[in-house]
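Just so you know, these numbers use all the heavy atoms, side chains as well, and skip hydrogens, waters and symmetry mates. Quick note: residue numbers are just sequence positions, from 1. None of the values given here were measured: they were computed from a predicted structure.
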Amino acid sequence: MTETVLLVGGGGREHAIAHALDRSEERDEFDFYACAGNRNPGIAALTDGFETLDTSDTDAVVDYAESVDATLAVIGPEKPLAEGVVDALEEAGIYAFGPRQADARIETDKSFQREFMEANDIPGCPDYAIFTDMELACDYIDEYDGDLAVKPAGLTGGKGVRVTGDQITKAEAKTYLRESDYEKVVLEERLVGEEFTVQALVAGDDVLITPAVQDHKRAYEGDEGPNTGGMGSYTDATFQLPFMSELHSFEALQVLEATIEALDDYRGVLYGQFMLTSEGVKVVEFNARFGDPEAMNVLPILDTDFYEVLVGARDDGSRMPELEFQSRATVCKYAVPEGYPTDPQDGTRIEVDEESAAAAAAEHDGDAFLFYASVDEGDDGLYTTTSRSFAVVGVADTIGEAEAIAEDAIAVAGEEGFHVRHDIGTEELVQSRIDHVERLTE
Ligand code: AMP
Ligand code: GLY
């Protein structure tokens with residue numbers, strides 16, 4: 001039987017997944033299709049067919065999967081998971097690498113996430129309270145001794161959380177809640193420290209860990225401005241980031257393993273967002289999928305055949321091959337439209353392509369990858385939309401070299417119409433993270 005893989009989703013993360021599958025030694029042995037709400041030209045170029053459809057519409061995804069005779073699906077974004085696309089594909093007899101709807105609640109319902117952690121004694125849970133009445137939530141903010149993270153319980157594309165004492169005052173937090181139409185919010189202790197992400201691939205008894213990544217959620221340099229889906233991220237040449245010790249990795253792994261055990265039969269990616277605090281590693285949140293941008297850091301340096309990983313996961317767990325990563329650092333930088341995320345300006349021509357990225361890397365001792373996110377295809381080329389446009393990833397022996405590659409690759413786009421966080425992965429910013437953790441743990 002010929003295998004047919006279906007990739008669901010059309011962002012930078014999914015382009016990185018497509019790229020990992022396309023590198024498979026068995027690429028000639030399987031057919032490869034993709035569907036997404038937007039036509040991603042990078043994914044379209046790597047697949048045998050690409051369909052534009054609403055991936056939150058589970059019937060539409062199943063219809064397309066059946067029409068291409070999919071035998072294996074991999075789900076990138078959270079929305080289809082929240083809608084139960086894995087359950088729907090399973091009912092149609094198609095295995096999907098991703099959690100079922102009930103398990104995806106670990107991401108899609110932040111109140112469930114905290115209650116689940118507490119009920120199962122999962123370490124690293126901050127103090128929290130859940131409210132459906134926004135006036136009671138406001139009273140709690142007034143009475144709470146200290147700063148709080150205000151988190152809508154449902155999905156907000158990473159843009160709904162507000163942290164008092166950091167982005168807003170307590171008075172502004174109350175206005176935010178009163179003016180919102182949120183049905184449920186989680187108010188939790190503000191965690192202070194350095195954030196990092198660890199993503200685990202899970203199937204059956206297998207829990208495979210990928211290197212720690214640091215994302216940059218704030219729109220502007222120096223971690224200023226509104227929260228975004230993520231502006232860029234880096235990894236070091238080891239599993240730890242420069243401000244972490246092996247103990248921190250171990251604590252994160254313990255949290256992931258305890259969560260996976262309590263979820264019982266979870267499959268897909270479990271993404272842990274952690275805060276390294278003066279009291280050890282705490283959990284900021286879980287996601288039920290690869291991070292975007294974090295997938296673009298770990299997948300390009302994965303030496304293990306990702307197609308074999310998926311087939312191993314499907315063939316009932318404990319069959320996934322061990323993951324081997326190159327001992328190289330990565331720096332990913334997103335180019336987003338000017339004004340993103342509050343007032344994004346679309347319509348800028350994108351001059352960067354795979355050749356220009358490769359040429360930038362050739363100047364250094366490393367590699368460069370280009371991953372498209374949300375772009376419009378015009379007659380004469382690609383144009384920006386109002387979402388993140390494309391990302392470049394530099395890969396080299398050190399973070400500094402990887403950063404230089406990413407900068408050279410992205411410079412081809414020019415400054416006009418784009419915004420890039422040039423500080424991501426720079427020695428100065430990485431050193432400030434190390435200094436921060438030293439101050440915290442003094
Ligand atoms: P989330 O949507 O849960 O990823 O939250 C977005 C961002 O809000 C996180 O990456 C953190 O920077 C911040 N955040 C969330 N929860 C907390 C918390 N308890 N303390 C401090 N910052 C938080
Ligand atoms: N980079 C954060 C996320 O994917 O949610």
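Remark: side-chain polar atoms of Thr384 are paired, donor with acceptor, to backbone N or O of Gly347 under 3.5 angstrom. Remark: side-chain polar atoms of Asp54 are paired, donor with acceptor, to backbone N or O of Ser56 under 3.5 angstrom. Looking only at distances, a side-chain donor or acceptor of Asn40 sits under 3.5 Å from a matching main-chain atom of Tyr372. Judged purely by atom type and a 3.5 angstrom limit, Glu172 uses its side chain to pair as donor or acceptor with the backbone of Thr169. The backbone N or O of Lys217 lies less than 3.5 Å from no partner atom in the side chain of Asp215, so there is not a single donor-acceptor pair. The main-chain N or O of Gly417 is found under 3.5 Å from a side-chain atom of Glu338 such that the two form a donor-acceptor pair. Formation of a donor-acceptor pair under 3.5 Å by the Lys170 side chain with backbone atoms of Gly146 is found in this model. Listed for the Gln167 side chain is a donor-acceptor partner under 3.5 Å among the backbone atoms of Val163. With Glu251 contributing its side chain and Val281 its backbone, the two residues share a donor-acceptor pair below 3.5 Å. Side-chain atoms of Ser356 do not come within 3.5 Å of backbone N or O of Val352 as any donor-acceptor pair.
Nearest heavy-atom pair, Glu14 versus Val8, reported as atom, atom and distance to 0.1 Å: CG-O, 3.8 Å. When all heavy atoms of Met275 and Val192 are compared, the closest pair comes out as CG-C, 4.1 Å. Between Met244 and Leu276, the shortest heavy-atom contact is CG-CD1, 4.1 Å. Of all heavy-atom pairs spanning Phe196 and Ala212, the tightest one is CD1-CB, 4.3 Å. Looking at every heavy atom in both residues, Glu188 comes nearest to Val284 through OE2-O, 4.2 Å. Across all non-hydrogen atoms, the minimal contact from Ile434 to Pro242 is CD1-CB, 3.8 Å.
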Is there a salt bridge (charged side-chain N to carboxylate O under 4.0 Å, His left out) between Arg433 and Asp223? Walk through the geometry before answering. CA-CA 12 Å; Arg433 309 297 198 210; Asp223 293 325; 2.9 Å; yes
Would Leu382 and Glu377 count as a side-chain contact (heavy atoms from CB on, under 4.5 Å) here? Give the steps. CA-CA 5 Å; Leu382 301 176; Glu377 276 180 297; 3.2 Å; yes
Does Thr210 form a side-chain contact (heavy atoms from CB on, under 4.5 Å) with Val269? I'd like the steps, not just the answer. CA-CA 10 Å; Thr210 63; Val269 178; over 6 Å; no
Applying side-chain contact (heavy atoms from CB on, under 4.5 Å), run through Thr228 and Val336 and close with a yes or a no. CA-CA 10 Å; Thr228 68; Val336 301; over 6 Å; no
From CA spacing to verdict: side-chain contact (heavy atoms from CB on, under 4.5 Å), Leu270, Ile260: CA-CA 8 Å; Leu270 185 68; Ile260 291 158; 3.7 Å; yes
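Cation-pi geometry between Arg105 and Phe112 is met: the NZ or CZ atom falls under 6.0 Å from the ring centre, inside 45° of the normal. Cation-pi geometry between Arg162 and Tyr176 is met: under 6.0 angstrom from the ring centre, within 45 degrees of the axis. A cation-pi contact, defined as under 6.0 Å to the ring centre and within 45° of the axis, is absent between Arg23 and Phe306.
Annotation: side chain of His216 is in contact with side chain of Leu429 (closest heavy-atom distance under 4.5 Å). By the 4.5 Å heavy-atom criterion applied to side chains, Thr197 and Gln273 are counted as neighbours. Annotation: side chain of Val86 is in contact with side chain of Ile75 (closest heavy-atom distance under 4.5 Å). Looking only at side-chain heavy atoms (C-beta outward), Thr277 and Leu440 stay at 4.5 Å or farther from each other. At least one side-chain heavy atom of Arg13 sits less than 4.5 Å from a side-chain heavy atom of Pro77. Residues Met117 and Arg114 are in side-chain contact: their nearest non-hydrogen atoms beyond the backbone lie under 4.5 Å apart. Taking 4.5 Å as the limit, every side-chain heavy atom of Thr55 sits out of range of all side-chain heavy atoms of Tyr64. Leu53 places a side-chain heavy atom less than 4.5 Å from the side chain of Val61.
In the model, Ser24 has a side-chain atom that pairs as donor or acceptor with a side-chain atom of Asp305 under 3.5 Å. Side chains of Asp292 and Tyr334: a donor on one and an acceptor on the other come within 3.5 Å. Using modelled atom types, one finds a donor on one side chain and an acceptor on the other under 3.5 Å when comparing Glu407 with His422. For the residue pair Lys184 / Ser111, a side-chain donor-acceptor distance below 3.5 Å is found, with atom types taken as modelled. Asp346 and Thr386 share no side-chain donor-acceptor pair at under 3.5 Å.
Residue Glu427 places its CD atom among 12 or fewer non-hydrogen atoms of other residues, nucleotides or ligands, all under 6.0 Å distant. The 12-atom threshold is not exceeded at CZ of Phe250, counting heavy atoms of other residues, nucleotides or ligands nearer than 6.0 Å. Within 6.0 Å of CD in Glu26 there are more than 12 heavy atoms belonging to other residues, nucleotides or ligands.
Between Lys174 and Asp142 there is a salt bridge, since at least one side-chain N of the basic residue sits less than 4.0 Å from a carboxylate O of the acidic one. We find that Asp365 and Arg328 are not joined by a salt bridge, their nearest charged nitrogen and carboxylate oxygen being 4.0 Å or further apart. A salt bridge links Asp48 with Arg27: the distance from a Lys NZ or Arg NE/NH1/NH2 to an Asp or Glu carboxylate oxygen falls below 4.0 Å.
Note: Leu21 CG to Phe32 CZ = 4.5 Å, rounded to the nearest 0.5 Å. In this structure, Glu428 CD and Ser432 OG are separated by 7.5 Å, a value rounded to the nearest 0.5 Å. Here the straight-line distance linking atom CD of Glu403 with atom CD of Glu401 works out to 11.5 Å at 0.5 Å rounding. Taken from CD1 in Ile122 to OG1 in Thr259, the straight-line distance is 3.5 Å, to the nearest 0.5 Å. Taken to the nearest 0.5 Å, the CZ atom of Phe243 stands 12.0 Å off from the OG1 atom of Thr441. The CG atom of Leu7 sits 13.0 Å away from atom CZ of Phe97, with the distance rounded to the nearest 0.5 Å.
Of the residues listed (Phe371, Phe418, Phe369, Tyr383), the one engaging Phe390 in a ring pair (Phe, Tyr, Trp, His ring centres under 6.0 Å) is Phe418, and it is the only one.
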Validation: residues 230-238 side-chain donor-acceptor distances under 3.5 Å, sequence neighbours left out:
{"unit_1": "Ser233", "atom_1": "OG", "unit_2": "Asn297", "atom_2": "OD1", "d": "2.5"}
{"unit_1": "Tyr234", "atom_1": "OH", "unit_2": "Gln214", "atom_2": "OE1", "d": "2.6"}
{"unit_1": "Thr235", "atom_1": "OG1", "unit_2": "Thr330", "atom_2": "N", "d": "3.3"}
{"unit_1": "Thr235", "atom_1": "OG1", "unit_2": "Thr330", "atom_2": "OG1", "d": "2.6"}
{"unit_1": "Thr238", "atom_1": "OG1", "unit_2": "Gln240", "atom_2": "N", "d": "3.1"}
{"unit_1": "Thr238", "atom_1": "OG1", "unit_2": "Gln240", "atom_2": "O", "d": "3.1"}

